Amino acid sequence: MAASPLPASPVAATPAPASTHGGRDAFASNLGAFAATVGSAIGLGNIWKFPYLTGSNGGAAFVLTYLLAVALVGLPVMTVEHVIGRRMRLDAVRAYGRLIPGKPYWSCIGWVGLASAVLIMAFYTDVAGWVFAYVFKSVTAYASGSALTPDTFGALAGGTWEPLCWQVAVLVLTTGIIAAGVSKGIEKVTKTLMPLLFILLIACDIRALTLPGASGGVAYLFKPDLSKLTGTVLLSALGLAFFKLSLGMGTMTTYGSYLPDQTRIVPNAARVALADTLVSLLAGLAIFPAVFAFGGKPAGGPGLLFNTIPLVFSKMPMGGLFTALFFLLAAIATIGAMVSLVEVPVAWIVEKGHAKRPVAAVVTGCGMFALGVLATLSQSPVLADVKVFGKTFFDLFDFLSSNVFLPVGGLAIALVGGWLVSRKAFVDEMNKGHTTERWHGRTVYWFIRFVAPGLILLILLNSLGVIRLA
Ligand code: TRP
């Protein structure tokens, strides 16, 4: 296989002012780049999906596999996406299409990415709608002196018009932020509010961990029982690592295209992965001790977050207010993640179709809503009985995106970055502006070539039954 050099960055010949690249918006600083990337990574994946999957996959063995997947696969793939994104400074479809001269068909990575973005948003906006609804419901419950119960969640998720209205509200808000522009929209929201979410999660943890019986939850999260490792557990953990870090579909490539030149890619990506993982673990530590203390079921399914958090806070003075604040911050974190999902198709429509951002945002939002209706109604009597491959639309979109599209996309990205681009060009972009190559760059490069693609392939083959790992 002949390794090709990366084509020269389109902006190399004409130096642009500090925060724009050939007219593209860019994050203004290293901190801004970190905050925005974290803003994409942190979202429902941490507070909703991580606890729910941990609970339904048997606990610590899943957590351990997930942590390994983040380090061995997630970090290398994020590095490739950032390198390619920054080098090409294009939307994901054109970045992969023009990366290897004479091989435009690699744009398929970007195409699959566009499809994944729409699939993910279809169920993501449904869950985000629940979060927004919970902000509202916890405030009204507090004002009227009542409490949120599992029935509250059942009625909401199983309804028809109510979840649909919330979903539309979420989509309108997200596309509005997108229409306003990259640096102005994304950076400000995420930079200011992430630390608050972090503090509130820690408050939640302290409350949950000091409940009588909390230790069962801690053991559930951290004492692995390796006999629980199955093919499903491996695939779900890998899929979650991709989903959590927004990898495998071009989000991080698009974000890479906004990274400033002076950002060293590997340390930035490592900090993002660490921060994101920490938030997931903090969410787990808020939820499982409480589940055990109150005698709930860890395998509570998608409603786990919504049924547990109000319980945790109900044992605190002003618990109702804290519940509202928690869901408000969760909603804000979710916006950052959704903005990054919508950004992929929007960047493509704007640059390829020469459309204005607001127009592109509206078109994208409508497409997402069309599929989103299916996901949302599949929890209500309207579509609950419609199954494709034995799954409701909600589960199908979730499964297809996290467990098929993202890992396959990630595999292709790792192979392109590790084998089709020359080592020199890759490493130069990775360390741009720094003369030395550091150990972490060398190590991650080795992971990109061998470890990440090898593991993804093994796990996919295992779940197809071609080989037997677990
Ligand atoms: N990482 C986000 C979360 O955890 C979701 C997300 C945003 C995402 N952009 C993505 C997932 C791109 C996959 C691909 O909530």
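All values derive from a computational prediction rather than experimental measurement. Indexing begins at 1, ligand by ligand and atom by atom, following the structure's order. Numbering of residues begins at 1 and proceeds along the displayed sequence. Keep in mind that the numbers below use all heavy atoms, side chains included, and drop hydrogens, waters and symmetry copies.
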Item to check | Reported CD1-to-CG distance for the pair Ile349 and Leu114, which is rounded to 0.5 angstrom | outcome: 8.0 Å
Item to check | Short side-chain to backbone donor-acceptor contact, Ser401 and Asp398, under 3.5 Å | outcome: yes
Checklist entry - How are the rings of Phe50 and Tyr66 set to each other: parallel, tilted or perpendicular (split at 30° and 60°)? => result tilted
What short N/O contacts, under 3.5 Å, does ligand 1 make with the protein, listed by atom pair and distance?
{"residue": "ligand 1", "atom": "1 (N)", "partner": "Ser40", "partner atom": "O", "Å": "3.3"}
{"residue": "ligand 1", "atom": "1 (N)", "partner": "Ala41", "partner atom": "O", "Å": "3.0"}
{"residue": "ligand 1", "atom": "1 (N)", "partner": "Phe243", "partner atom": "O", "Å": "2.8"}
{"residue": "ligand 1", "atom": "1 (N)", "partner": "Lys244", "partner atom": "O", "Å": "3.0"}
{"residue": "ligand 1", "atom": "1 (N)", "partner": "Ser246", "partner atom": "OG", "Å": "3.0"}
{"residue": "ligand 1", "atom": "4 (O)", "partner": "Ala41", "partner atom": "O", "Å": "2.9"}
{"residue": "ligand 1", "atom": "4 (O)", "partner": "Gly45", "partner atom": "N", "Å": "3.3"}
{"residue": "ligand 1", "atom": "4 (O)", "partner": "Lys244", "partner atom": "NZ", "Å": "2.3"}
{"residue": "ligand 1", "atom": "9 (N)", "partner": "Ser246", "partner atom": "OG", "Å": "3.3"}
{"residue": "ligand 1", "atom": "9 (N)", "partner": "Ser340", "partner atom": "OG", "Å": "3.1"}
{"residue": "ligand 1", "atom": "15 (O)", "partner": "Leu44", "partner atom": "N", "Å": "3.1"}
{"residue": "ligand 1", "atom": "15 (O)", "partner": "Gly45", "partner atom": "N", "Å": "2.9"}
{"residue": "ligand 1", "atom": "15 (O)", "partner": "Tyr124", "partner atom": "OH", "Å": "2.4"}

Next on the checklist: Let me confirm one number: the OG1-CH2 distance from Thr334 to Trp48, rounded to the nearest 0.5 Å.
Outcome noted: 10.5 Å
Checklist entry - Does Trp419 have Arg449 sitting over its ring (NZ/CZ under 6.0 Å from centre, angle to axis within 45°)? => result yes
Next on the checklist: Using a 6.0 Å cut-off, check whether atom OH of Tyr52 has over 12 heavy atoms from anything other than its own residue.
Outcome noted: yes
